[in-house]
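Quantities reported herein were computed from a predicted structural model and do not represent experimental measurements. Numbered from 1 within each chain, the chains take letters A, B, ... in sequence-line order.
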2 protein chains.
Amino acid sequence: MADPNQRIDSIIKKLKESSHKLTPQRLAVVKILAHSQGHPNVEQIYEQIKSDFPTMSLATVYRNVMLLKSLGEILELGFPDGSNRYDGNKPYPHPHVICIKCKKVIDPDLDSLKDMTSEIAAETGFKIVTHRLDFFGFCQDCMNQ
Amino acid sequence: MADPNQRIDSIIKKLKESSHKLTPQRLAVVKILAHSQGHPNVEQIYEQIKSDFPTMSLATVYRNVMLLKSLGEILELGFPDGSNRYDGNKPYPHPHVICIKCKKVIDPDLDSLKDMTSEIAAETGFKIVTHRLDFFGFCQDCMNQ
DNA sequence: GAAATAAATGATAATGATTATCATTTAAAT
DNA sequence: ATTTAAATGATAATCATTATCATTTATTTC
């Protein structure tokens, strides 16, 4: 994965460039997302921060996650079941594999991922902006139970 | 697309097999989904039925759409923005192209759609059950404005 | 470093899509 | 025609997210 400190620095730079203030609450959200592996949701980010920052408000987590998303620094993963998870490491479209049971989300390597986007654009006349490719199933841990 | 009458017959058969009653309300929902091209949402199904069936309840549309989904006769498309649309013609995973502006959803032909599922299963150890492949952009109509 | 100010925060209310509840109605079996 | 389990209509409850607003604070300016 991307080096967390590098990610943190680059996000802080983006925040300053867009003249946003660097509050302790904001920095806490940035740090968690830059270090995250498991694609956390807002509630998980909130709980993690609250343990050493008890005055943190859930609304503030929502606001900062929204801001980082609008700056293009994190990727929002809205899933078919309505849940939202966030990827602070690779803020660009990439495939995901989701366990239907334990809800873990992983980033697979996919060699055969051709440039389907250009084929779609040619066939439909759309100007394609982004895409989603998600596989749903059961992980090995959940199958062994 | 699949022949609507064929779809209606096959859905009715499924309903009878699973001993569900065939009410006028239920049949209206089935007919609209079997004839639909544009991947309607629940509200659109409801509005369309209400015009010649004014006592129709929104809750009944939700219930029947849910039932048809659980019988595997329609495909629910939950999108990242939280919206839900339904495909009554091809109730199996297939790619979609979505216009971000006018929200139209079309089913493209995609030659290069390899069997990525087996590659993912091999790499991750997951037992893959389903997948989603969606492209988001602007359709030609919306670009010409 | 103190004052000024626009932005951020915390607490909570509002929203909107979906689901649950429950009394009444109805499809289909007997 | 009678019976009964299922379906319906109306509406309340839910839950994640967004909006509101008074208060606090990071950063700029002197």
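- Between the side chains of B/His94 and B/Asp87, at least one donor N or O lies within less than 3.5 Å of an accepting N or O.
- Separation of atoms NE2 (B/His96) and CG (B/Leu75) is listed at 6.0 Å; rounding is to 0.5 Å.
- Here the C1' atom of nucleotide C/dA17 and the CD atom of B/Glu43 are 9 Å apart, to the nearest Å.
- Note on B/Thr55: only backbone sugar-phosphate atoms sit closer than 4.0 angstrom, heavy atoms only; bases stay farther off.
- Across all strands shown, B/Pro54 has no heavy atoms under 4.0 Å from either base or sugar-phosphate atoms.
- In the set D/dG9, D/dA16, C/dT26, D/dG9 carries the atom at the smallest distance from any side-chain atom of B/Met56.
- Distance, B/Glu76 CD to C/dA17 P: 15 Å, rounded to whole Å.
- OP1 or OP2 of C/dT9 has at least one side-chain nitrogen or oxygen of A/Thr23 nearer than 4.0 Å.
- Nearest heavy-atom pair, A/Gln140 versus B/Thr124, reported as atom, atom and distance to 0.1 Å: OE1-O, 4.4 Å.
- Taking for each of B/Gly82 and B/Lys21 the nucleotide of DNA chain C with the nearest heavy atom, the 5'-most of the two is the partner of B/Gly82.
- Nearest to the side chain of B/Ala59, among D/dA10, D/dT17, D/dT27, sits D/dA10.
- The distance from atom NZ of A/Lys16 to atom P of C/dA8 is 14 Å, rounded to the nearest whole Å.
- Across the protein-nucleic acid pair, B/Phe79 atom CZ and C/dT18 atom P stand 13 Å apart, rounded to whole Å.
- With hydrogens and angles ignored, the 3.5 Å screen pairs a side-chain donor or acceptor of A/Gln44 with a backbone N or O of A/Asn41.
- A donor-acceptor pair shorter than 3.5 Å cannot be found between the side chains of A/Asn89 and A/His35.
- Close to C/dT9, at under 4.0 Å from its OP1 or OP2, lies a side-chain N or O of A/Asn64.
- For A/Tyr62, no side-chain nitrogen or oxygen approaches OP1 or OP2 of D/dT18 to under 4.0 Å.
- Nearest to the side-chain atoms of B/Arg26 among the listed nucleotides C/dT12, C/dA8, D/dA7 stands D/dA7.
- The shortest distance between the side-chain N/O atoms of B/Gln25 and the OP1/OP2 oxygens of D/dG9 is below 4.0 Å.
- For A/Leu27 and D/dT25, the CG to P distance is 17 Å, given to the nearest whole Å.
- When the P atom of C/dG10 is taken as reference, atom CG of A/Leu58 falls 11 Å away, rounded to whole Å.
- One finds no side-chain N or O of B/Arg63 lying less than 4.0 angstrom from the OP1 or OP2 phosphate oxygen of C/dT19.
- In this structure, B/Tyr46 places its OH atom 16 Å from C1' of C/dT19, rounding to the nearest Å.
- Relative ring orientation between B/Phe135 and A/His131 is described as tilted, the plane-to-plane angle lying within the 30° to 60° band.
- Taking atom CZ of A/Phe53 as the reference point, atom C1' of D/dT25 lies 12 Å away to the nearest angstrom.
- OP1 and OP2 of C/dT9 both lie 4.0 Å or more from every side-chain N or O belonging to A/Ser57.
- Distances were taken from every side-chain heavy atom of A/Thr60 (C-beta onward) to each of C/dT9, C/dA27, C/dA8; the shortest belongs to C/dT9.
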